[in-house]
Structure formats: C-alpha cells, structure tokens
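Handing you a structure now.
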Amino acid sequence: MKTIDELLADGVAGKRVFVRADLNVPLDGTTITDDGRIRAVVPTVEALADAGARVVVASHLGRPKGAPDPAFSLAPAAARLGELLGAEVRFATDTVGDSARATAAGLADGQVAVVENLRFNAGETAKDDAERGAFADQLAELADVYVGDGFGAVHRKHASVFDLPARLPHYAGHLISTEVGVLKKLTEDVKRPYAVVLGGAKVSDKLGVIEHLLEKADRILIGGGMAYTFLKAQGHEVGISLLQEDQIPAVQGYLKRAEERGVEFVLPTDVLVAGEFPDLRTKAPANPTTVAADAIPADQEGLDIGPETRKLYASKLADAATVFWNGPMGVFEHPDYAEGTKAVAQALLDSSAFTVVGGGDSAAAVRTLGFDENAFGHISTGGGASLEYLEGKTLPGLAALEN
C-alpha cells in the first residue's frame with residue numbers, strides 16, 4: 001500500500017486531505033477519560049498540516065443509531081485534537097451537510113477541521129452497498145486525497161473505511177503503517193518463545209484468535225472473565241463467575257489440540273472472589289478473598305487472578321522473546337481487582353521481549369494504572385482489528401488501501 005510518506009514527497013500544499021481517524025474515545029459526559037486514540041493520529045495530521053494540506057478529519061464515536069445524537073458528538077475530541085496540535089481545529093456540526101461543506105471549503109493551507117460523527121449518517125454502516133456508496137460519494141466531495149489512519153476501524157466494511165478510498169487517491173497514514181508493521185512481527189518470522197496473554201470478559205470474543213494462535217504461539221496464558229469457561233471445561237466449580245456454557249465444547253477442543261501440538265495452555269491456579277460484583281462507580285469495598293481456582297465457592301464470583309497466578313504468569317513471560325497481550329486479568333477499574341492486570345503489565349516491562357499490548361481494555365488499563373506507555377514495544381489502538389489480523393482475516397480497510 002502507498003504511504004503518507006509518498007504523498008508528502010509528491011507535495012500536498014493546497015490539497016484537501018480527508019483523514020479517516022479513530023477518535024472513538026471514552027467519554028464521561030463531555031469529558032474525555034482516555035485520549036490515547038486522539039494522540040495516536042496527531043503525527044499524521046501534524047505532518048499533513050505542516051506540509052500545507054487542508055486537513056479534514058473524520059471518525060465515528062460510539063454507536064448512534066444512524067442519526068444525530070448529542071451524547072456521541074465529536075466536539076470534545078475536536079477540541080482535544082486542537083490542544084494536542086497547538087492550533088485551532090475547526091468543527092463542522094454535520095458530516096456531509098452545509099456545515100461540513102462550508103468548513104472544508106473554508107480551510108486555508110495548513111488548517112485542520114473535524115466533521116461530526118460519521119455514524120450520524122446511516123450510510124456509514126449500511127449493509128447495502130449502494131447506500132454505503134452514496135454516502136462515500138458525498139464524503140469524497142470534501143477532499144482531493146484520502147489518508148486512512150483509523151486502525152481501530154479497519155476491520156469494518158463501512159463507507160469511510162472501505163468505499164471512500166476507491167473514490168480518491170489513497171494512502172496509509174503513519175499509525176496504520178506502524179500498526180501493520182508491528183502485527184507482521186507477530187505473524188511472520190516471530191522471535192521465540194512467543195507468549196500470548198488473553199483476558200477480557202467473553203471467551204467467544206477470542207475463539208478465532210485462539211484457533212489461529214494454536215498454530216503460532218508457544219504458550220497461551222488465560223485470565224479475565226473468559227478464564228472461568230476454561231476452568232469449567234476442566235470440570236471445576238466456578239460459582240457465579242462469568243461463564244459461557246455454550247462455549248465449553250470449543251474450549252475443551254482447544255485444550256486438547258494445545259496438548260497435541262505442544263502449546264502450553266496456562267490457566268489461573270488461584271483467583272480473587274467476592275459475593276457481589278463491586279460497584280465501580282462508588283469504589284465500594286467488596287471484601288475479596290483468595291481461593292484455589294478449582295475451589296471457587298458456589299455463591300462467589302471470580303473477579304481477578306490471585307497472587308500465585310500472578311507469579312506464575314510473570315515466570316511464563318520472563319523468558320519470552322515476543323509477547324502479545326489482549327484483555328485485562330480482572331475488573332481492573334476497581335482497585336481491589338487491579339493487581340492481576342498490573343502484574344501482567346509489569347511482567348511485560350520486566351521482560352526483554354518485544355511486547356505488544358493489543359488495544360481495547362488492555363491499552364486503557366495500561367494508562368489507567370499509571371504505566372509509561374513508551375516502555376512497551378507497542379500499544380495498539382485497535383483491539384478488534386488486532387485480533388482479526390492475528391486470526392488471518394482480510395480487513396476491509398487495509399484491503400481498500402492496498403487496492
């Protein structure tokens with residue numbers, strides 16, 4: 001795929017450049033609680049603006065129902081982008097309407113604008129090719145060139161990700177080029193031992209990547225809510241812990257295949273449990289206790305890996321040459337259940353391995369828990385996109401840029 005470096009070499013002064021970013025940041029009202037994704041696109045926007053381009057930035061935020069919804073406005077993200085750039089960022093109050101057209105047309109060389117949430121238009125996410133294409137036609141009127149830099153959305157066949165690049169000269173931004181380069185290190189000529197840490201709530205979200213990693217990884221460590229389906233598959237009591245009963249046969253199959261292939265599957269040996277899920281809003285104490293992973297009381301819920309498991313996992317990561325981590329080990333938002341996730345993050349920092357934090361809640365946890373982002377090999381901006389890439393799937397947004 002052509003990159004932004006090639007675009008800059010050809011010259012962009014005076015050209016309107018549409019940058020499909022990923023500004024899908026978490027909000028508390030209008031307050032951004034994690035600006036990592038905005039910071040990730042700054043190098044691309046800054047490079048274009050410094051070269052004299054007239055930059056039109058677009059993104060989705062949340063899941064509005066194809067119509068304007070103030071709760072999902074990109075206005076806070078536009079304001080934060082301006083702070084990070086140290087320059088005014090204009091904001092269009094619609095996506096392809098009068099405000100967007102006037103804002104794009106009014107840009108001078110080196111100026112930047114953000115248009116409103118792409119998902120306020122039903123054409124962005126439409127299943128119908130014609131409807132999506134019609135919206136892409138409207139977006140194409142705003143620019144002369146397309147730069148794809150929203151890695152967190154490249155696994156979506158959406159108008160701004162898949163259809164729009166076909167309508168304009170198109171290039172990959174700095175972020176997408178970096179993300180793809182990192183993921184190739186996890187799929188091609190991997191340095192071994194290759195360890196993978198998977199957590200998060202649902203095992204069903206990770207089935208595809210587990211299937212693929214059984215052919216690639218040397219060891220797979222499981223934590224988070226998904227661990228209890230694995231423990232149940234081994235015949236253990238899991239109490240009222242998060243459980244996907246329908247996934248037990250698949251999990252049993254993976255455990256068997258891992259044993260046959262010599263892939264080490266590592267499950268928790270002890271867990272922190274409580275009778276009730278903690279109230280994350282008030283941080284109310286839940287009086288957790290530590291129990292063996294095969295002895296969870298019937299009326300208790302597992303909410304984090306225990307101290308022995310933390311030591312075990314750290315030992316399994318210590319000699320790794322490559323580590324991919326996706327998904328927290330527990331309810332890290334509550335201080336009583338953050339230690340497992342902290343332990344994995346610290347183990348990655350202590351390791352000499354090439355370490356990749358696979359976006360989503362893992363990336364949020366690293367920042368929330370106070371770790372230095374720059375100390376990790378790479379922190380991805382796209383959890384779902386990273387996982388689908390590792391599954392070997394074709395990602396529509398990357399395919400469009402390669403075409």
Side-chain angles (χ1 to χ4, degrees), residues 155 183-238 241-271 292-294 296 302 305 309 312-329 340 344 347-348 353-360 362 380 383-395:
H155 58 315
L183 288 169
K184 284 183 177 179
K185 291 183 180 181
L186 300 178
T187 54
E188 303 171 9
D189 299 321
V190 181
K191 292 183 179 180
R192 299 186 179 280
Y194 178 18
V196 176
V197 186
L198 296 177
K202 296 181 178 180
V203 68
S204 57
D205 294 339
K206 306 290 197 301
L207 287 178
V209 75
I210 293 172
E211 175 94 32
H212 193 70
L213 288 170
L214 284 172
E215 309 294 325
K216 300 282 186 180
D218 297 301
R219 61 185 71 126
I220 301 174
L221 288 59
I222 303 293
M226 63 186 287
Y228 303 101
T229 301
F230 278 87
L231 292 170
K232 187 71 172 181
Q234 291 185 325
H236 302 311
E237 169 65 58
V238 297
S241 304
L242 187 63
L243 175 65
Q244 289 187 283
E245 292 264 12
D246 62 325
Q247 301 299 330
I248 288 175
V251 166
Q252 289 172 330
Y254 290 146
L255 291 171
K256 182 178 179 182
R257 280 180 55 198
E259 184 177 2
E260 293 170 347
R261 295 189 61 81
V263 177
E264 189 178 4
F265 237 109
V266 190
L267 299 178
T269 57
D270 63 343
V271 296
D294 60 358
I296 299 173
I305 58 174
T309 303
L312 173 64
Y313 285 15
S315 72
K316 295 296 183 182
L317 298 173
D319 68 339
T322 304
V323 180
F324 173 72
W325 172 33
N326 181 280
M329 297 294 97
V344 167
L348 265 63
F354 175 64
T355 56
V356 179
V357 181
S362 309
S380 179
S386 295
L387 289 175
E388 291 198 15
Y389 189 100
L390 292 181
E391 287 177 42
K393 289 185 176 179
T394 297
L395 307 188

Q) Quick one: does D218's side chain have a donor or acceptor within less than 3.5 Å of a partner on Y194's backbone? A) yes
Q) Quick one: CG on L243 to CZ on F230, what's the gap to the nearest 0.5 Å? A) 12.0 Å
Q) Should the heavy atoms of other residues, nucleotides or ligands under 6.0 Å from CD of Q234 be counted, would the total exceed 12? A)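 Yes, the 6.0 Å shell around CD holds more than 12 heavy atoms from other groups.
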Q | Between NZ on residue K232 and CD on residue Q252, distance to nearest 0.5 Å | A | 11.0 Å
Q) When rounded to the nearest 0.5 angstrom, what distance separates CD in E237 from CG in D294? A)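 Taking CD in E237 and CG in D294, the distance rounds to 11.0 Å.
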Q) Less than 4.5 Å apart, any side-chain heavy atom of F354 and any of K185? A)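 Yes. Closest side-chain heavy atoms under 4.5 Å.
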Q. Hey, what do you get for CG (L312) to NZ (K316), rounding to the nearest 0.5 Å?
A. 6.0 Å
Q | E388 side chain reached by H212 side chain, heavy atoms, under 4.5 Å | A |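 A side-chain contact is absent here, since even the closest heavy-atom pair is not under 4.5 Å.
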Q) Taking C-beta and beyond as the side chain, do V271 and Y228 meet within less than 4.5 Å on heavy atoms? A)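 Side chain of V271 against side chain of Y228, heavy atoms only: contact under 4.5 Å found.
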(Q) Given 3.5 Å as the limit, does a donor-acceptor pair link the side chain of T322 with the main chain of K191, or not? (A)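 Flag set: sc T322 to bb K191 pair under 3.5 Å.
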Q: Verify, without hydrogens or angle tests, whether Y313 (side chain) and V266 (backbone) share a donor-acceptor contact under 3.5 angstrom.
A: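 Flag set: sc Y313 to bb V266 pair under 3.5 Å.
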Q | Student check: side-chain heavy atoms of K256 and E260 closer than 4.5 Å | A |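 Side chain of K256 against side chain of E260, heavy atoms only: contact under 4.5 Å found.
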Q) Nearest 0.5 Å, what's the OG-CG distance between S380 and L183? A) 6.0 Å
Q. Taking the side chain from T309 and the backbone from T269, do they hold a donor-acceptor pair closer than 3.5 Å?
A.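 It does hold such a pair.
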Q. Strictly by modelled atom types, are S204 and Q244 linked by a side-chain donor-acceptor pair under 3.5 Å?
A. yes
Q: Taking the side chain as every heavy atom from C-beta outward, state whether F265 and I210 have any pair of such atoms under 4.5 Å apart.
A: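 A side-chain contact under 4.5 Å exists here.
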Q.
Tell me the closest heavy-atom pair linking L317 and A195, and the distance in Å.
A. CD2-CB, 3.8 Å
**Q.** Side chain proximity check, Q247 to L207, heavy atoms < 4.5 angstrom
**A.** yes
Q. Would you call L390 and V196 a side-chain contact if the rule is heavy atoms closer than 4.5 Å?
A. no
Q) What distance do I220 atom CD1 and L214 atom CG have between them, rounded to the nearest 0.5 Å? A)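 Going from the CD1 atom of I220 to the CG atom of L214 covers 5.0 Å.
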(Q) Given 3.5 Å as the limit, does a donor-acceptor pair link the side chain of H236 with the main chain of L231, or not? (A)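 Here the side-chain-to-backbone pair does not exist.
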Q: Starting from the C-alpha separation in whole Å, work towards a yes-or-no answer on side chain to side chain contact (heavy atoms under 4.5 Å, CB included) for H155 and K393.
A: CA-CA 9 Å; H155 58 315; K393 289 185 176 179; over 6 Å; no
